[in-house]
Every structure is written in C-alpha cells, then in structure tokens.
Enquirer: 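Can you read through this structure? Questions will come right after.
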Amino acid sequence: DTSLDALRQALLQALMDQDLLDEHRVQEMLAENEGKFKGSALEEMLNQLIERLIEEGYLTLREEQVRQQQQQRGNGNPEISEPLPRNVKFEVTEKGLDFLGYKTLRNLLGSLGKSSFGRHDTPQLSTGVEAAAASKAYEFGDTINLDVNTTLLSAIQREGLKMPLNLEYSDLHVHQCDYQSSCATVVMLDCSHSMILYGEDRFTPAKKVALALAHLIRTQYPGDALKLVLFHDSAEELPLAKLATTQV
Amino acid sequence: DVSSINLGDLMEGLSDSLLS
C-alpha cells in the first residue's frame, strides 16, 4: 500500500518503536481534537515529517489519475457533484533506496565480531598486512616498472661484482601488482507463489538480501555489472529502482 | 518537536513498511 494514509500509519509505528512518541501522548493529541485523527495535532506532526522526508529527497509524491469510471460519474447531470478525493501515492526515491540498501547491508553484516582477517570494516584494530608480490622476469608487453634491486642482483650473480656492470635482457625484472578484475552478477529473485504460501511472507526477507547485495556490489566493486531478474511463471529483468516496491 | 527527529533513524524504522 503506497497511499499517504499507509505512510502516516507506518510513520506513527516507527515513532512509537523508537520511543519518540508514546501511546499516552497519541491519545492526548487525539483527545484535543475530539478523538478524530483528521485535523489533529498528530496528523499535523505526521504531515510535517512526510514533508521533511520529501524535502530531504527520501520520498516523492505523485498523484494517480482518478479512474475513468469516477470521472464519468454524473455525466449529463448539471448539478455539481462532490469533489473527488485526491489519490496521492508516495514513492521511495533513488536516494531513499540507496539509504535503505546501506542500512539493510549494515544490519545483515553488522553483528560481526572479531574472527579471521577479512575485508569488512569493524570497530576493532589490527596490524596492517601489505603483501608485496615478488618481481618477475620482464617479458615483452609488460609495464616497465623495473625492480632495480632484483635486476642489478641478477646481473651481479651472473657477471660478478665489477664495474661497469653488463646488463642482459634476461636480467630485467619488473614489479608485479595485484590484478583486479570486474565481474558481472545476476541476482535472481523468486517471486513465485511459494514465496507467500500459507500466509508467510518469505519474499520481503529475500528482497532485503537482494537490496543489501546490490548496495554492496555498487559501492564496493565499481565497474561491476549488476542485473536483477524476477522469476515466477515467466521471468523478466527488474530495474534496480523498482526493487523496493516489488511484490509477489 | 518534529525538526529534532533524525530522518535517518526514522527511515530505518520505516524500512520494513517501505520494503514489504
């Protein structure tokens, strides 16, 4: 449900979960408005929060076209009908999606303790390890980043320590660097009926993992290609921007 | 006070609703 009412409801729940608002205060604000939500200080507060989320670029609003059927209501009837209710929906922006991806990734990997050495950032300290790869004999086509020490040592071993030192082609050695490659990843997301079988939602957790994985790949491995595929009776490519709003 | 609420924390609290 992407209606504004659903958003207000979710906001209220989030505020209460984070102890920013308690049940008592909610009742108080409603009571000030004769128990009605519409026009209450609570509605005003939630609207202000939605405005802030929009200003900061996390969400956008769009107005859906009112159904044709409703527009035709009262056709040929000169009397003025009641104004139709506005059908405003919200959408998560790319910034919002990026933020959710980051948070989901942090939650998935955030419970790391200190175990073996890896690449995940932790609050702990460790000694640095910088692997210096051995140099190799120069071959045509190699980048000429000469390892001068090994080159001279090779010449000395062959010719003995004398001046002038005669360098042969086979003496040349070059530094080796880590070779980094890019890779392509396709994430396949199952949205078949079994994902919501027996009323249990297995799709949302899977979607969160996909979102976190997408965030990890996009931020840690620039140059990688990432595509999402949604499969059910058939399969189709899913744009990353649509991931958050995809449902079974 | 609405302006004192951290939007990042709020978005995190909203994530379950926004993603489901």
Side-chain angles (χ1 to χ4, degrees), chain A residues 1-2 6-21 41-42 44-59 90-93 95-104 106-107 196 201 203-212 243-248, chain B:
Chain A
D1 188 359
T2 55
L7 180 59
R8 287 191 197 102
Q9 188 67 42
L11 266 175
L12 183 60
Q13 193 59 49
L15 288 172
M16 288 170 78
D17 289 345
Q18 294 177 7
D19 290 330
L20 293 167
L21 199 65
L42 183 64
E44 174 69 19
M45 188 186 78
L46 294 177
N47 285 347
Q48 281 178 8
L49 278 175
I50 293 174
E51 270 173 38
R52 278 192 66 203
L53 286 170
I54 292 167
E55 275 170 22
E56 294 290 329
Y58 290 114
L59 302 175
F90 73 89
E91 274 176 354
V92 184
T93 61
K95 174 183 169 178
L97 194 65
D98 212 34
F99 185 81
L100 289 180
Y102 164 71
K103 290 288 182 187
T104 320
R106 210 190 56 178
N107 287 341
I196 49 164
D201 180 16
F203 187 67
T204 304
K207 201 163 70 169
K208 280 186 182 176
V209 174
L211 197 66
L243 179 59
T245 52
T246 307
Q247 288 173 325
V248 175
Chain B
D1 182 21
V2 172
S3 60
S4 66
I5 293 174
N6 184 316
L7 287 189
D9 292 343
L10 195 62
M11 276 295 282
E12 197 171 0
L14 278 178
S15 67
D16 280 340
S17 311
L18 293 177
L19 292 177
S20 61

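In the text below, chain A, chain B and the rest are named by the order of the sequence lines, each starting its count at 1. Because only heavy atoms are used, hydrogens play no part in the values below, and waters and symmetry mates are left out as well, while side chains stay in.
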Enquirer: Counting only non-hydrogen atoms closer than 4.5 Å, does A/Phe203 touch chain B with its backbone (N, CA, C, O), its side chain (CB onward), both, or neither?
Expert: neither
Enquirer: Would you say A/Gln9 has more than 12 foreign heavy atoms packed within less than 6.0 Å of its CD?
Expert: no
Enquirer: Without swapping roles, check the side chain of B/Glu12 against the backbone of A/Lys103 for a donor-acceptor pair under 3.5 Å.
Expert: no
Enquirer: Sort out for me which of A/Lys208, A/Gln247, A/Arg52, A/Glu56 touches chain B most, counting heavy-atom pairs under 4.5 Å.
Expert: A/Arg52
Enquirer: How long is the gap from OH on A/Tyr58 to CG on B/Leu18, to the nearest 0.5 Å?
Expert: 12.0 Å
Enquirer: Roughly how far apart are B/Ile5 CD1 and A/Leu53 CG, rounded to 0.5 Å?
Expert: 10.0 Å
Enquirer: Looking at every heavy atom in both B/Leu14 and A/Leu11, which two are closest together, and how far apart are they?
Expert: CD2-N, 3.7 Å
Enquirer: Would you indicate whether the side-chain heavy atoms of A/Leu15 and B/Leu10 approach each other to under 4.5 Å?
Expert: yes
Enquirer: With A/Lys207, which residues qualify under side-chain hydrogen bond (donor to acceptor under 3.5 Å, both in side chains), at least two apart?
Expert: none
Enquirer: Quick one: OG on B/Ser4 to CG on A/Leu20, what's the gap to the nearest 0.5 Å?
Expert: 8.0 Å
Enquirer: Could you pull out all residues at least two apart from A/Thr246 that satisfy side-chain hydrogen bond (donor to acceptor under 3.5 Å, both in side chains)?
Expert: none
Enquirer: Check A/Gln18 against B/Asp9 and note the closest heavy-atom contact, atom names and distance.
Expert: NE2-O, 2.6 Å
Enquirer: Determine the minimum heavy-atom distance between B/Ser15 and A/Leu100, stating which atoms define it.
Expert: CB-CD2, 3.5 Å
